[in-house]
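In what follows, every heavy atom counts, from backbone to side chain, and hydrogens, waters and symmetry copies are set aside. Chain letters run A, B, ... following the sequence lines, proteins first, then strands; residues in each count from 1. What you are looking at is a predicted structure, and each value in this text was computed from that prediction instead of being measured.
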Amino acid sequence: MAGARIVAVEQRRPDLRFPFPENFAGRLTGRLVEAVGRRAKYLMLDLEGGDVLVMHLGMSGSFRIGGDLPGLFHHDRSKDPAHDHVMFRLSNGAEITYNDPRRFGFMLLEPRAGLATHKFFRDIGVEPLGNELDGSLLAKLFAGKAAPLKAALLDQTLIAGLGNIYVCESLHRAGLSPRRAAGTLARKDGSPTARANLLAGIIREVLTEAVTAGGSSLRDHRQADGSLGYFQHTFRVYDREGEPCPRAGCGGMVARVVQSGRSTFFCGACQR
DNA sequence: AGTTGCACCTGGCTGC
DNA sequence: TGCAGCCAGGTGCAAC
């Protein structure tokens, strides 16, 4: 999309999770896409003229890239046209389709200058794959917190972009209980414990591996070219309730509990 | 100020 | 086969 111009937008319903911005298709049509980026789990298209098209996939949203792209792929017709809510046609022949059965996703069109103070973005935390995240920062973020480690890691105002799967997987690899108080990863003086340093490294490792594997394909989810992600085959605990703990010599069993309304999968034997 | 729970939706799966 | 009940990748917001 970067460097291409939006030549047509078809918006097939008035809302997703929120109503579409006023005159959404009209304001996008004819605009040049200057850059494509991301912040936390928000996709950002920088548009000519200073606006940003912000898009979130929610739980079930996905983009498919098709159309006539010289030298690139051409995907089959959508298998789920009932939930194809928005189509973008670009000057380079690409046709981008947004599909979202549950409609928890949303799209915003905001001035670039105001984004940093927008209520959806002003409190967003640190990027887990950025240079800032290390044991020291984790300790600083978690110091004094009685909240469970699981809840703290899912808190997007602390670390931005960790979801339920990767939190469960990271905690298992780190051998840390999701129920442990987040504050126990900081010493009294705010310096990191060995656990904090370990966890910070593991978060980076898990995310990097997941990205390399093309993400996790649950149910019918696909990458933008229709191919499958493979990281789900390497899940050690997520959605593996009742299975033996994969840690060598552990002998425990993967359990499922509910924390702040979300499923947590973990091994009570080796995660302390 | 910090936390918790609800709400927003549809569809897939399980068990009766 | 039908149907009720439960569960799902997230997060904004109201209520404590």
Side-chain angles (χ1 to χ4, degrees), chain A residues 12-21 38-44 54-64 78-86 98-108 110 115 117-125 128 140-171 178-179 181-183 206-207 209-211 213-224 228-235 237-242 254-265:
Chain A
R12 296 184 165 175
R13 52 171 301 123
D15 54 24
L16 293 171
R17 182 175 174 190
F18 308 118
F20 279 95
R38 177 194 63 77
R39 173 75 172 109
K41 295 175 193 168
Y42 297 87
L43 286 156
M44 310 264 194
V54 179
M55 301 178 283
H56 196 290
L57 301 174
M59 299 272 267
S60 60
S62 63
F63 284 101
R64 294 293 174 83
S78 172
K79 292 213 166 69
D80 181 28
H83 302 114
D84 286 346
H85 304 308
V86 188
Y98 180 69
N99 180 285
D100 189 356
R102 293 178 74 180
R103 303 201 307 275
F104 285 172
F106 52 88
M107 299 189 184
L108 313 171
E110 297 287 333
L115 263 196
T117 54
H118 189 281
K119 62 180 175 179
F120 286 8
F121 305 103
R122 65 183 174 211
D123 297 323
I124 294 281
K140 204 178 303 176
L141 292 172
F142 291 173
K145 287 203 181 298
L149 200 42
K150 167 76 184 302
L153 288 170
L154 275 180
D155 185 342
Q156 303 294 299
T157 71
L158 300 176
I159 302 171
L162 281 183
N164 201 30
I165 291 175
Y166 300 123
V167 166
C168 291
E169 292 300 305
S170 298
L171 287 174
R179 294 163 155 160
V206 166
L207 291 180
E209 281 181 33
V211 170
S216 307
S217 295
L218 304 186
R219 300 187 173 78
D220 62 347
H221 275 234
R222 297 286 186 281
Q223 296 187 68
L228 291 160
Y230 288 97
F231 192 75
Q232 69 276 13
H233 301 302
T234 76
F235 288 172
V237 290
Y238 185 82
D239 206 20
R240 294 194 183 280
E241 182 183 14
V254 178
R256 173 185 173 273
V257 297
V258 174
Q259 290 180 289
S260 46
R262 315 287 306 278
S263 283
T264 296
F265 298 91

If I take atom CG in residue A/Asp239 and atom P in nucleotide C/dC6, what distance separates them, rounded to the nearest angstrom?
18 Å

C/dT11 OP1/OP2 closer than 4.0 Å to side-chain N/O of A/His56
yes

Using 30° and 60° as the class boundaries, would you call the ring planes of A/Phe121 and A/His118 parallel, tilted or perpendicular?
tilted

Could you tell me whether the phosphate oxygens of B/dC9, OP1 or OP2, come under 4.0 Å of any side-chain nitrogen or oxygen in A/His83?
no

For A/Asp100 and A/Ser60 the tightest heavy-atom approach is OD1-OG, 2.6 Å

Separation of atom CG in A/Leu153 from atom C1' in C/dG10, rounded to whole Å
16 Å

How many Å lie between CG on A/Leu57 and P on B/dT10, as a whole number?
18 Å

Which is true for A/Gly163 with a 4.0 Å heavy-atom rule: it touches a base, it touches only sugar-phosphate, or it touches nothing?
sugar-phosphate

How many whole angstroms separate atom CG of A/Asp15 from atom P of B/dC8?
12 Å

Going by distance alone, is a donor N or O of one side chain under 3.5 Å from an acceptor N or O of the other, for A/Ser78 and A/Asp80?
no

Base, sugar-phosphate or nothing for A/Tyr166? Non-hydrogen atoms, less than 4.0 Å.
nothing

Considering just the side-chain nitrogens and oxygens of A/Lys41, establish if one lies under 4.0 Å of OP1 or OP2 belonging to C/dG9.
no

Among C/dG10, B/dT3, C/dG12, find the nucleotide with the atom closest to the side chain of A/Tyr42.
C/dG12

Given the P atoms of C/dC6 and B/dC6, what is the spacing between them in whole Å?
14 Å

Return whichever of A/Arg102 or A/Arg17 has its heavy-atom-nearest nucleotide of DNA chain C closer to the 5' end.
A/Arg102

For A/Asn164 and C/dG10, give me the distance from atom CG to atom C1', rounded to whole Å.
10 Å

Approximate separation, where rounding is to 0.5 Å, of A/Asp84 CG and A/Tyr98 OH
11.0 Å

Separation between NE2 of A/His56 and CE of A/Met59, rounded to the nearest 0.5 Å:
11.0 Å

Between A/Phe18 and A/Phe120, how do the two ring planes meet: parallel, tilted or perpendicular, split at 30° and 60°?
tilted

For A/Phe104 and C/dG10, is the gap between ring centres under 5.5 Å while the planes differ by less than 30°?
yes

A/Arg256 side-chain proximity, nearest of C/dA8, C/dG12, B/dG11
C/dA8

List the atom pairs, with distances to 0.1 Å, where a side-chain N or O of residues 144-154 of chain A and a protein N or O form a donor-acceptor pair under 3.5 Å, not counting sequence neighbours.
| residue | atom | partner | partner atom | Å |
| --- | --- | --- | --- | --- |
| A/Lys150 | NZ | A/Asn164 | OD1 | 2.9 |
| A/Lys150 | NZ | A/Ser263 | O | 3.2 |
| A/Lys150 | NZ | A/Thr264 | OG1 | 2.7 |

Atom CE of A/Met59 to atom P of B/dG12: distance rounded to whole Å?
15 Å

Expressed as a whole number of angstroms, how long is the span from A/Arg103:CZ to B/dC8:C1'?
9 Å

Taking all heavy atoms of A/Arg122 and all of A/Thr117, pick out the closest pair and write down the distance.
CD-O, 3.9 Å

Measure from CG on A/Asp100 to P on B/dC8 and round the result to the nearest Å.
16 Å

So, is A/Arg262 near the phosphate of B/dG5, with a side-chain N or O under 4.0 Å from OP1 or OP2?
no

B/dG5 and C/dC7: how far apart are their P atoms, nearest whole angstrom?
16 Å

Under 4.0 Å: is that the gap between some side-chain N or O of A/Ser260 and OP1 or OP2 of B/dG5?
no

Would you write the dot-bracket representation of DNA chain C, where each base gets (, ), [, ], | or . depending on whether it forms a Watson-Crick or G-U pair under 3.5 Å and with which partner?
.|||||||.|||||||

